[in-house]
Amino acid sequence: MKRRILAAIMAIAVAASMTACSSGDSASQSSADNTAAEGEAAEADAAAEETSDNTGDSKGTILFSTKTITNNEFQRIMVEKCEEVVEAAGYTFELTLSGDELTVSKQVENVENAINKGVDGIIVAPMDGSSLIPALEKAKAAGIPVIIADSSLDEGNDDLFMSHVGSDNIAIGYEAGQQMAKAIGEEGKVCVVRGAAGAMGSELRSQGFEEAIAEYPNIEIVNQQLGNWLSDVAMQVTENMLTADPDMDGIFLCSDGMLSGVISGVQNKGMDPSELCIISVDGNISALDAIKDGTCYGCVAQYPANIGEISANTMIDVLNGDVAQEDVEHEQDSGYFFMCPDTIEESEEVAF
């Protein structure tokens with residue numbers, strides 16, 4: 001079973017991207033992207049069904065639910081590391097995907113289906129802070145332990161999961177704000193490209209950035225818009241914000257998945273990205289390449305493999321009976337690192 005789920009999904013993704021590349025029409029591109037997302041989710045569902053039929057020698061089944069691993073290296077690496085640890089411990093790894101960055105209802109359906117099938121543990125990377133709450137209440141009632149990976153839930157729902165594993169997103173945003181203030185000389189105008197509405201990773205990173213910038217009275221956040229985690233949307237909102245106020249000194253964006261769009265948006269307005277302080281979050285190799293070529297100043301990098309490994313090991317310890325749920329550390333910080341021109345050597349070890 002090892003690697004079959006991910007291999008099948010990545011094969012669909014490659015085929016879909018080849019179809020997309022053969023067409024220059026934007027409508028065809030959108031259709032191909034939708035087909036890839038639907039295919040990814042369907043393939044994960046089919047693989048999950050196969051998994052459920054082949055668990056005779058397994059200690060139990062651990063579900064991992066996230067949005068997509070197509071064109072999302074962060075999620076892919078997190079999932080792969082989790083799968084590796086789960087299977088090495090003798091458990092069956094079941095992956096369910098929503099198929100794209102925004103189909104929250106599919107994730108809710110996936111988690112509810114897993115609860116109904118009676119999985120032994122659930123690891124979930126929530127697509128927003130609230131939609132999964134009813135499903136996780138069902139998991140709690142069924143006695144299924146839950147770990148939240150990466151993005152967190154809305155405040156007030158700590159009783160629905162035994163641990164949250166991920167970077168401190170407020171601290172990440174704060175680090176980005178401090179680095180931006182330093183880079184632009186503690187004065188100027190900046191804007192923010194957020195993620196999707198309701199996504200806690202985006203909300204908390206933006207909050208941390210705002211808190212940092214508030215410490216500098218001569219820096220103003222003049223605009224914030226949603227990029228929906230998508231490059232093309234990020235490009236459009238970047239153009240919109242620069243049209244409204246071209247005298248911008250810096251742009252903070254909540255994920256590397258939008259970085260190419262932000263850079264293109266700046267260039268489409270006839271501006272040089274190297275003359276702005278652009279800071280992103282995640283730590284993808286594409287961000288490091290942009291830092292090297294001067295189109296991005298910095299990136300607050302996370303460690304997706306750490307998140308996957310810690311999540312898996314925590315769940316396994318509980319299911320094996322080595323640790324009681326109430327003794328699990330409720331917040332487990334996976335750390336972060338600031339990539340910039342001054343830290344290139346270290347950044348090459350961190351980027352994924």
Side-chain angles (χ1 to χ4, degrees), residues 2-10 13 37 40-41 43-44 47-48 62-89 91-101 106-107 110-111 114 121-129 132 146-153 161-169 172 195-196 199-202 204-205 229 254-257 280-288 299-316 331-337 349-352:
K2 191 170 186 178
R3 297 289 180 273
R4 284 189 296 170
I5 296 174
L6 290 171
I9 293 166
M10 294 310 293
E40 179 188 55
E43 193 67 32
I62 297 175
L63 174 82
F64 195 112
S65 170
T66 189
K67 47 190 175 182
T68 177
I69 57 173
T70 300
N71 298 321
N72 191 320
E73 285 295 287
F74 186 97
Q75 298 294 323
R76 183 186 64 78
I77 290 171
M78 182 170 60
V79 165
E80 284 186 346
K81 188 62 178 180
C82 187
E83 178 185 20
E84 175 186 324
V85 175
V86 165
E87 293 189 342
Y91 286 85
T92 298
F93 180 84
E94 181 175 316
L95 174 65
T96 61
L97 302 170
S98 299
D100 64 29
E101 301 282 351
K106 179 62 176 175
Q107 182 173 49
N110 288 340
V111 173
I122 295 173
I123 301 172
V124 57
M127 294 175 67
D128 70 21
L132 277 171
V146 172
I147 289 176
I148 302 298
D150 191 23
S151 294
S152 56
L153 297 178
F161 58 94
M162 62 180 178
S163 186
H164 167 239
V165 181
S167 302
D168 183 333
N169 279 306
I172 281 176
M200 290 306 295
S202 172
L204 296 176
R205 291 168 196 172
W229 307 121
C254 289
S255 173
D256 291 341
S280 184
V281 175
D282 278 340
N284 191 271
I285 192 69
S286 61
L288 180 57
C299 176
V300 188
Q302 302 183 80
Y303 299 93
N306 285 2
I307 298 174
E309 182 174 13
I310 295 169
S311 297
N313 280 326
T314 301
M315 182 63 75
I316 290 163
E331 290 289 336
Q332 300 188 67
D333 191 347
S334 55
Y336 64 84
F337 176 81
E349 298 297 321
V350 172
F352 54 86

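The figures here come from the full heavy-atom set of this structure, side chains too, leaving out hydrogens, waters and symmetry mates.
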If you compare all heavy atoms of [X] against all heavy atoms of [Y], which two are closest, and at what distance to 0.1 Å?
X: Ile316; Y: Val85; answer: CD1-O, 3.7 Å
X: Ile77; Y: Pro304; answer: CG2-CG, 3.9 Å
X: Lys67; Y: Asp100; answer: CB-O, 3.3 Å
X: Cys254; Y: Gly195; answer: CB-N, 4.1 Å
X: Thr70; Y: Thr68; answer: N-OG1, 3.0 Å
X: Ile123; Y: Cys82; answer: CD1-SG, 3.7 Å

Find the distance between [atom1] ([X]) and [atom2] ([Y]) and round it off to the nearest 0.5 Å.
X: His164; Y: Ile147; atom1: NE2; atom2: CD1; answer: 11.0 Å
X: Ile122; Y: Met315; atom1: CD1; atom2: CE; answer: 7.5 Å
X: Leu97; Y: Ser65; atom1: CG; atom2: OG; answer: 8.0 Å
X: Asn169; Y: Ser152; atom1: CG; atom2: OG; answer: 6.5 Å
X: Leu288; Y: Ser280; atom1: CG; atom2: OG; answer: 12.0 Å
X: Ser334; Y: Met78; atom1: OG; atom2: CE; answer: 9.5 Å

Could you go step by step and tell me if Trp229 and Asn72 meet the side-chain contact (heavy atoms from CB on, under 4.5 Å) rule?
CA-CA 10 Å; Trp229 307 121; Asn72 191 320; over 6 Å; no
Backbone N or O of [Y] within a donor-acceptor pair of the [X] side chain at under 3.5 Å?
X: Ser163; Y: Glu331; result: no
X: Gln107; Y: Ala125; result: yes
X: Asp256; Y: Asn284; result: yes

Please step through side-chain contact (heavy atoms from CB on, under 4.5 Å) for the pair Phe93 and Ile62, ending with a clear verdict.
CA-CA 5 Å; Phe93 180 84; Ile62 297 175; 5.5 Å; no
Stepwise, does the side-chain contact (heavy atoms from CB on, under 4.5 Å) test hold for Phe161 with Val124?
CA-CA 10 Å; Phe161 58 94; Val124 57; over 6 Å; no
Residues that Tyr336 engages under ring pair (Phe, Tyr, Trp, His ring centres under 6.0 Å), provided they are two or more places apart:
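In terms of ring pair (Phe, Tyr, Trp, His ring centres under 6.0 Å), with neighbours along the sequence ignored, Tyr336 is linked to no residue.
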Identify all side-chain donor-acceptor contacts of residues 305-314 below 3.5 Å with residues at least two apart in sequence or on another chain.
from	atom 1	to	atom 2	distance (Å)
Ser311	OG	Ile307	O	2.7
Asn313	ND2	Glu309	O	3.3
Thr314	OG1	Ile310	O	2.7
Thr314	OG1	Gln332	NE2	3.2

Go through the steps for Tyr303 and Phe352 under the test side-chain contact (heavy atoms from CB on, under 4.5 Å), then give the verdict.
CA-CA 9 Å; Tyr303 299 93; Phe352 54 86; over 6 Å; no
Under 4.5 Å between any side-chain heavy atoms of Pro126 and Met200, yes or no?
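Pro126 does not reach Met200 side chain to side chain.
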Can you confirm whether Gln302 sits close enough to Asp150 that some side-chain heavy atom of one is under 4.5 Å from a side-chain heavy atom of the other?
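Gln302 vs Asp150: side chains touch.
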